[in-house]
Amino acid sequence: MASVAKQTYAQRAAKHPNPAAKALLETIERKRTNLSVSVDVTKREDFFRIVDTVGPYVCLVKTHVDIIEDFEPSVIERLKALSEKHDFLIFEDRKFADIGSTVALQYSAGVHKIASWSHITNAHPVPGPSIISGLKSVGLPLGRGLLLLAEMSTKGSLATGLYTEEAVRMARANRDFVIGFIAQQRMDSVGLRKGESSPDEDFLILTPGVGMDTKGDSMGQQYRTPREVVTESGCDVIIVGRGVYGKDNGSNAEAVRAQAERYRAEGWKAYQERVGIHD
Ligand code: 5BU
């Protein structure tokens with residue numbers, strides 16, 4: 001069997017054991033898009049306008065639901081309705097980082113009840129494997145998937161070297177629930193000890209820090225192009241925020257739509273180049 005990076009999304013979907021990962025891979029293939037748009041705006045009407053505009057072009061909408069200042073429970077119902085209308089999954093970028101018992105509560109309860117609507121969420125590996133146990137106790141019965149933050153896109157990130165290797169080992173020990181990584185490159189050969197061969201596993205790599213027009217922002221963000229991320233580094237999903245909706249609230253719907261279409265096309269072309277498909 002070819003390495004994961006050389007397999008098509010459809011081949012990977014057919015054998016993925018986790019329901020959230022399988023659904024994401026199937027959605028990518030069905031809609032021919034590996035684009036996830038990160039909708040980081042603070043007013044709910046701006047949020048919905050952007051989600052409705054980019055919906056046809058994305059496999060996944062990434063949220064930071066805690067930055068919506070006029071949040072109310074109906075926001076979730078409307079988001080779920082848009083996810084059905086446009087056929088995308090939802091990823092709350094919550095970056096859990098506490099002890100197992102606390103993250104289980106943060107994931108299931110509180111104002112946002114993330115586990116009840118977010119197909120995928122993520123966690124920092126910094127507390128060790130117990131963070132996975134805590135989240136898994138809530139998410140696994142619901143068919144959810146977890147991404148570990150193995151690397152970050154920011155200048156000076158501490159998630160490198162041995163830290164990244166340990167994150168991959170934690171994921172390997174929890175393959176029923178950990179479906180992949182937030183990372184800047186494939187992790188397939190990371191963390192293997194000398195003489196250890198590559199296990200039969202399929203971790204998805206979702207990658208933020210993607211932009212085609214600038215190299216970064218004034219707060220440490222660093223951007224690479226879809227080609228660098230998908231073709232050269234073997235990542236599976238490009239996550240784009242301000243590159244799609246602009247610097248404010250995405251009020252120019254046609255500009256937002258055009259950028260989503262542009263990033264979708266670039267991401268898909270980069271994938272086709274990687275797996276050697278031409279059409
Ligand atoms: P941008 O507007 O494309 O820079 O937004 C990037 C999004 O991805 C934003 O929501 C961040 O919270 C998120 N992100 C990131 O940029 N880099 C990382 O390493 C991780 C998340 Br993890």
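Computed from a predicted structure; not experimentally measured. Numbering of residues begins at 1 and proceeds along the displayed sequence. Atoms within each ligand, like the ligands themselves, are counted from 1 in listed order.
Using a 30° and 60° split on the angle between ring planes, Trp268 and Tyr271 fall in the tilted class, from 30° to 60°.
In this structure, ligand 1 sits under 4.0 Å from heavy atoms belonging to Ser38, Asp40, Lys62, His64, Asp93, Lys95, Leu149, Met152, Ser153, Ile182, Pro208, Gln221, Tyr223, Val240, Gly241, Arg242.
For the salt bridge (Lys or Arg N to Asp or Glu O under 4.0 Å) test, residues two or more places apart in sequence or in another chain that qualify with Asp52 are Lys85.
The stretch residues 235-262 participates, sequence neighbours left out, in these side chain to side chain donor-acceptor pair (under 3.5 Å) pairs: Arg12-Asp236, Tyr57-Arg257, Arg186-Asp236, Asp213-Arg262, Asp217-Arg242, Tyr223-Arg242, Asp236-Arg274, Asn249-Ser251, Glu254-Arg257, Arg257-Glu261, Gln259-Arg262. Residue pairs meeting the side chain to side chain donor-acceptor pair (under 3.5 Å) criterion with at least one member in residues 104-131, sequence neighbours excluded: Asp93-Asn122.
Taking the side chain as every heavy atom from C-beta outward, Ile179 and Leu147 approach each other to under 4.5 Å.
Contact check on Arg30 versus Asp87 returns a salt bridge, with a Lys/Arg side-chain nitrogen under 4.0 Å from an Asp/Glu carboxylate oxygen.
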